[in-house]
Amino acid sequence: QVRLQESGPGLVKPSQTLSLTCTVSGGSITTNRYHWNWIRQPPGKGLEWIGFIAYEGSTSYSPSLKSRTSFSRDTFKNQFTLQLSSVTPEDTAVYYCALGTSSWVTYDYWGQGTQVTVSS
């Protein structure tokens, strides 16, 4: 059974960079066809797809966030990371990592989510 867990600071100051890590157990982030996604949900709003890093290391970003977003991974630690720069209070949300086993548009496994608040 694949398990994902987000970790990182829950409070970030405006203009700083948000950094989150997703740690994966029960499966490898290099498994063929797997896409590892970041998704967020601001208060009172729907889910917003941020992007993915795929099994071979390729990345894709939401057009609305790509200028501020960077993904990376550590295959030895079985982790992948999100960095979102120049944050504002509008970036306050619950952030999730999620696995799509065959595509990036369906998510088969989710982390529990982590609340990130942008505030001075």
Side-chain angles (χ1 to χ4, degrees):
Q1 175 81 1
V2 176
R3 186 172 183 269
L4 300 85
Q5 183 169 306
E6 304 89 346
S7 61
L11 181 64
V12 183
K13 296 179 179 179
S15 81
Q16 299 299 303
T17 296
L18 162 64
S19 296
L20 296 175
T21 296
C22 184
T23 300
V24 177
S25 61
S28 173
I29 64 172
T30 63
T31 296
N32 191 40
R33 302 283 89 177
Y34 281 13
H35 290 73
W36 304 90
N37 298 266
W38 288 102
I39 301 151
R40 70 180 185 180
Q41 185 168 33
K45 298 183 179 180
L47 296 170
E48 179 183 18
W49 180 74
I50 300 169
F52 71 73
I53 184 164
Y55 62 100
E56 85 289 87
S58 65
T59 56
S60 184
Y61 303 97
S62 170
S64 64
L65 296 170
K66 65 181 297 182
S67 66
R68 300 192 289 128
T69 307
S70 179
F71 300 147
S72 61
R73 65 178 185 166
D74 187 330
T75 59
F76 297 100
K77 295 182 178 179
N78 215 33
Q79 296 176 329
F80 60 102
T81 61
L82 160 69
Q83 292 193 313
L84 183 66
S85 65
S86 303
V87 298
T88 72
E90 286 67 46
D91 293 310
T92 294
V94 177
Y95 285 75
Y96 300 92
C97 54
L99 165 63
T101 57
S102 60
S103 75
W104 61 268
V105 296
T106 57
Y107 314 119
D108 305 294
Y109 298 90
W110 292 72
Q112 81 283 2
T114 186
Q115 173 70 46
V116 178
T117 300
V118 179
S119 176
S120 60

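Any value given below was found using the heavy atoms of this structure, including those in side chains, with hydrogens, waters and symmetry copies removed.
Considering only heavy atoms from C-beta on, Thr92 stays 4.5 Å or farther from Pro42 through its side chain. When side chains are defined from C-beta on, Ser60 does not count as touching His35, because their heavy atoms never get closer than 4.5 Å. With a 4.5 Å cut-off on side-chain heavy atoms, Leu4 and Tyr96 do not count as touching. Counting only heavy atoms from C-beta outward, the side chains of Thr88 and Pro14 never approach each other to under 4.5 Å. The shortest side-chain heavy-atom distance between Tyr109 and Tyr34 does not fall under the 4.5 Å cut-off. Side-chain contact between Leu11 and Ser119 is present, with heavy atoms from C-beta onward closer than 4.5 Å. Annotation: side chain of Arg40 is in contact with side chain of Leu65 (closest heavy-atom distance under 4.5 Å).
Residues Val105 and Leu47 share a hydrophobic cluster, clusters being chains of Ile/Leu/Val/Met/Phe/Trp/Tyr side chains in contact below 4.5 Å. No continuous path of hydrophobic side-chain contacts links Val118 to Val94 [ILVMFWY only; heavy atoms under 4.5 Å]. Note: the hydrophobic cluster containing Leu99 does not contain Trp49 (ILVMFWY, side chain heavy atoms under 4.5 Å, direct or indirect links). A single hydrophobic cluster is seen to contain both Leu84 and Trp38, as judged by linkage of ILVMFWY side chains at heavy-atom distances under 4.5 Å, directly or through other members.
The closest side-chain donor-acceptor pair between Tyr55 and Arg33 falls under 3.5 angstrom. Judged purely by distance below 3.5 Å, without hydrogens or angles, the side chains of Arg3 and Gln5 pair a donor atom with an acceptor atom. Side-chain contact, Ser7 with Thr21: no donor N or O sits under 3.5 Å from an acceptor N or O.
In terms of heavy atoms, Ser64 sits closest to Glu48 at OG-OE2, 3.6 Å. Here the closest non-hydrogen pair linking Ser19 and Pro9 is O-CD, 3.5 Å.
Atom OH of Tyr95 sits about 7.0 Å away from atom CG of Leu82, to the nearest 0.5 Å. We find the SG-CD1 distance between Cys22 and Ile29 to be 9.0 Å, quoted to the nearest 0.5 Å. Between the CG atom in Asp91 and the OG1 atom in Thr117 there is a gap of 11.5 Å [rounded to 0.5 Å]. With values rounded to the nearest 0.5 angstrom, Ile39 atom CD1 is found 11.5 Å from Ser62 atom OG. For the atom pair Gln115 CD and Glu6 CD, the distance stands at 12.0 Å (nearest 0.5 Å). We find the OG-CG distance between Ser85 and Leu18 to be 10.0 Å, quoted to the nearest 0.5 Å.
No side-chain donor-acceptor contact under 3.5 Å links Asp74 to the backbone of Gln79. For the pair Trp36 (side chain) and Phe80 (backbone), a donor-acceptor distance under 3.5 Å is absent. Counting only distance, with no hydrogens or angles, the side chain of Ser120 and the backbone of Lys13 share no donor-acceptor pair below 3.5 Å.
Under the ring-ring contact (aromatic ring centres under 6.0 Å, His included) criterion, Tyr61 pairs with Phe71, sequence neighbours left out.
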